[in-house]
Colleague: 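There's a structure below that I have some questions on.
Just follow the structure's listing: the first ligand is 1, and inside any ligand the first atom is 1.
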Amino acid sequence: MLKAIFLYLSRQKLIQNFMVNFWVTRRVVNRFVSGEELEDGLNAVRKVNSEGAIATLDHLGEEVSEPGEAEAATEVYLNALDHIKDNSVDTNVSVKPTQVGLKIDKGLCEENFAKIIERANKYDNFVRMDMEGSDCTQDTLEVFERLRKKYDNVGIVIQSYLYRSEKDVDEVLKLGGRIRLCKGAYKEPKEIAFPKIEQVDESFMKLTQKMLLSSIYHGIATHDEKLIEKTKKFAQKNSIPKESFEFQLLYGIRTELRHKLVKEGYNVRVYIPFGREWYPYFMRRLAERPANLFFFLKNFFRA
Ligand code: FDA
């Protein structure tokens, strides 16, 4: 119930405007967001790198409706890639398709992605296309397919809660594409997504196994220790080396688990968001774990 409310609120622009402009909320949000500026993101990457993990930088923002906004977001990523190179930090970038124009025009989105991917290519870096709500899935996969046919340094995200995902994994693997697998963070109806968490987890493991057997380097993105343990066991049993895949976690979540995985010799990547448009991202984090609401309220009133 609370989850559905947070996911509904994540799409309410009026509440977003209020929250984003209310300075008190900033302190609370800092648990999940590195800061407003690129430099904040780079500092977080430096720290994570010094602790033995790698990163992916996300400039917060989504669902833009004007080509100029999509162009501005693209520029932020181009600049970020230059700074990543200049600062020698170990991070790639993650980009939301609707932030670079998917909902305006698929062609525009593809053009903007191509610019980011080419800049990343110049520095031997990599671009991950995040996956958003199911109204974007098909378009995102189509844009990815066209880009993947031209570039090696682009990957996609697949969500285990969607019924269609097994077929999508097969298609992406045929293209030799790198996948980040996650459970999925949006509100989806039972007509298209598994309604029970056990089914989502079962799908997650089925897809993980398929991915790991593909000999392509993939990302297993979850904080769920049960699934992480099962992934480790499956890899060991099938002689899949630790270096041939990575675990991925979100900034500010299960940091001790990240340290443990690093210590065990696994590749670990942390998804580090920065920017001012933190509201929808933050509400999805609350939806995943309603207990975060108490953390939010406690800090909100202390601030
Ligand atoms: P689950 O929700 O079962 O949580 C397992 C445990 O992790 C919890 O018991 C708790 O300890 C901890 N935990 C999880 N979420 C927490 C939170 N918000 N606050 C505090 N603790 C928390 N989704 C998507 O739709 N598109 C995408 O592109 C991405 N990208 C992405 C990148 C990376 C690196 C990660 C880790 C996740 C995503 N996601 C995503 C989000 C993903 O779909 C999912 O919503 C969250 O990871 C939560 O699910 P878990 O797999 O962690 O399991």
Colleague: Leu81 versus Asn125: any side-chain heavy-atom pair under 4.5 Å?
Modeller: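 Leu81 reaches Asn125 side chain to side chain.
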Colleague: Can we call the ring centroids of Tyr251 and Phe32 under 6.0 Å apart?
Modeller: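 No, ring centres 6.0 Å or more apart.
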Colleague: I need the minimum non-hydrogen distance between Leu257 and His223, along with the two atoms involved.
Modeller: CD2-O, 3.7 Å
Colleague: Any sub-3.5 Å donor-acceptor pair from Asn79's side-chain atoms to Glu75's backbone N or O?
Modeller: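 No.
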Colleague: Please work out which of the three classes, parallel, tilted or perpendicular, describes the rings of Tyr281 and Tyr271, given edges at 30° and 60°.
Modeller: parallel
Colleague: Parallel, tilted or perpendicular, judged at 30° and 60°: which one describes the rings of Phe245 and Tyr266?
Modeller: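 Taking Tyr266 first and then Phe245, their aromatic rings sit tilted (interplane angle of 30° to 60°).
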Colleague: Which protein N or O atoms sit under 3.5 Å from any N or O of ligand 1? Give atom names and distances.
Modeller:
{"from": "ligand 1", "atom 1": "3 (O)", "to": "Lys183", "atom 2": "NZ", "distance (Å)": "2.8"}
{"from": "ligand 1", "atom 1": "18 (N)", "to": "Arg285", "atom 2": "O", "distance (Å)": "2.9"}
{"from": "ligand 1", "atom 1": "18 (N)", "to": "Glu288", "atom 2": "OE1", "distance (Å)": "2.9"}
{"from": "ligand 1", "atom 1": "18 (N)", "to": "Asn292", "atom 2": "ND2", "distance (Å)": "3.4"}
{"from": "ligand 1", "atom 1": "19 (N)", "to": "Asn292", "atom 2": "ND2", "distance (Å)": "2.7"}
{"from": "ligand 1", "atom 1": "25 (O)", "to": "Gln159", "atom 2": "NE2", "distance (Å)": "2.9"}
{"from": "ligand 1", "atom 1": "25 (O)", "to": "Ala185", "atom 2": "N", "distance (Å)": "3.0"}
{"from": "ligand 1", "atom 1": "26 (N)", "to": "Met131", "atom 2": "O", "distance (Å)": "2.8"}
{"from": "ligand 1", "atom 1": "28 (O)", "to": "Met131", "atom 2": "N", "distance (Å)": "3.1"}
{"from": "ligand 1", "atom 1": "30 (N)", "to": "Arg180", "atom 2": "NH1", "distance (Å)": "3.1"}
{"from": "ligand 1", "atom 1": "43 (O)", "to": "Gly184", "atom 2": "N", "distance (Å)": "2.7"}
{"from": "ligand 1", "atom 1": "45 (O)", "to": "Glu288", "atom 2": "OE2", "distance (Å)": "2.6"}
{"from": "ligand 1", "atom 1": "51 (O)", "to": "Thr222", "atom 2": "OG1", "distance (Å)": "2.6"}
{"from": "ligand 1", "atom 1": "52 (O)", "to": "His223", "atom 2": "N", "distance (Å)": "2.9"}
{"from": "ligand 1", "atom 1": "52 (O)", "to": "His223", "atom 2": "ND1", "distance (Å)": "2.7"}
{"from": "ligand 1", "atom 1": "53 (O)", "to": "Lys183", "atom 2": "NZ", "distance (Å)": "3.1"}

